[in-house]
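FYI, side chains are in, hydrogens and waters are out, and symmetry mates aren't considered; it's all heavy atoms of this structure. Keep in mind it's a predicted model, so treat the numbers as computed, not measured. Chain letters run A, B, ... following the sequence lines, proteins first, then strands; residues in each count from 1.
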Amino acid sequence: METYLEQMSAEGWQLERVGKHTAKFKATEPQDLKYYVDVFKDGGPLNPERDAEDYRSLCEESGWNFVTSHDYLQFFSAPRNTDPTPLQTDETIEQKIIEATLWPRELGGILMFFVILFMTRSQFSGTYTYDNLLTSIGVVGTYVYPLLAVPMFFIGVYTLAWLP
Amino acid sequence: MAREQLKNLTEPMYYLLLALTTPQHGYGIMQEVDRKTMGRVKIGAGTLYSLLSRFEKEDIIHQLSDDSRKKTYQLTAKGFVILREEFERLNQLVRDGKKHLEGIGDSDEI
């Protein structure tokens, strides 16, 4: 992800905001920036702002400019020639932070995916007659889980692809 | 999630605690460690933040005052004991190593 942001920046696109599936760039002069995407355990709207501020000011003091954040993902950049110390210098600690942050946060989505998958399966394994389609409840009952499964499938795949 | 107790400190942890024998704010710690080790050991801001909050939770360090913009930390009594014990342990390692590597058995100064 950092490499991508650095390429964009060199082509004159500066990262401005990041959403769940999107990123917004601003057109500027090409800049030679280094990016660092860090995982902040207590990030996101549900946690005290004070902690995030402490964390960010510490990062800024060490030479990384805060760009934007999405939930626990924190985006920083720095001019390449300043060469600041990376935000994470200990792989074991970094790994722990990522595990402690990502699993609880993404577990809900993964769980939901399997529940819906299970419901969909149980729908299909039951006796399946055209009579079911004669009442509106029957129609809903027949199609709602398979239909729900479609977006859940994509969200699930997206989440799982993200994890490593 | 069960947290394992601190056994041996990692090098950055050791230097972090060493820096906090005197009151220090976050970035001060980074500079102090950098200076003490002449750039050999570096602690990144994200790593430092997570270490500080962990040490604080385990009552190894505490915050001095909260009114200034920057949080200042220092070792607690427990923190001093842990650092001292680690210092002794490292000394022991050096003494044991000396016996074999230098053939000196009774060096009292390291």
Original post:
Going by an N to O cut-off under 4.0 Å, is there a salt bridge joining B/Glu86 and B/Arg89?
Top reply: yes

**OP:** May I ask you to say whether A/Lys34 pairs ionically with A/Asp83, meaning some side-chain N is under 4.0 Å from a carboxylate O?
**Re:** yes

**OP:** Name the region of A/Leu58, side chain, backbone, both or neither, that has any atom closer than 4.5 Å to a heavy atom of chain B.
**Re:** both

**OP:** Can you tell which part of A/Glu94 gets under 4.5 Å to a heavy atom of chain B, answering side chain, backbone, both or neither?
**Re:** neither

**OP:** Would you check if there is a donor-acceptor pair between the side chains of B/Gln92 and B/Arg95 at a distance under 3.5 Å?
**Re:** yes

**OP:** With a 4.5 angstrom heavy-atom cut-off, could you sort out which part of A/Asp38 is near chain B: side chain, backbone, both or neither?
**Re:** side chain

Subject >> A/Val37 and its side chain to side chain contact (heavy atoms under 4.5 Å, CB included) partner, picked from A/Leu87, A/Leu73, A/Val67 >> reply: A/Leu73

Original post:
Given a strict heavy-atom distance threshold of 4.5 Å, which part of A/Phe76 is in contact with chain B: side chain, backbone, both, or neither?
Top reply: neither

Subject >> Best-contacting candidate, A/Thr92, A/Ile97, A/Asp42, A/Asp51, against chain B by heavy atom pairs under 4.5 angstrom >> reply: A/Asp51

**OP:** Salt-bridge test for B/Lys78 and B/Asp59: reply yes if a basic N is under 4.0 Å from a carboxylate O, no otherwise.
**Re:** no

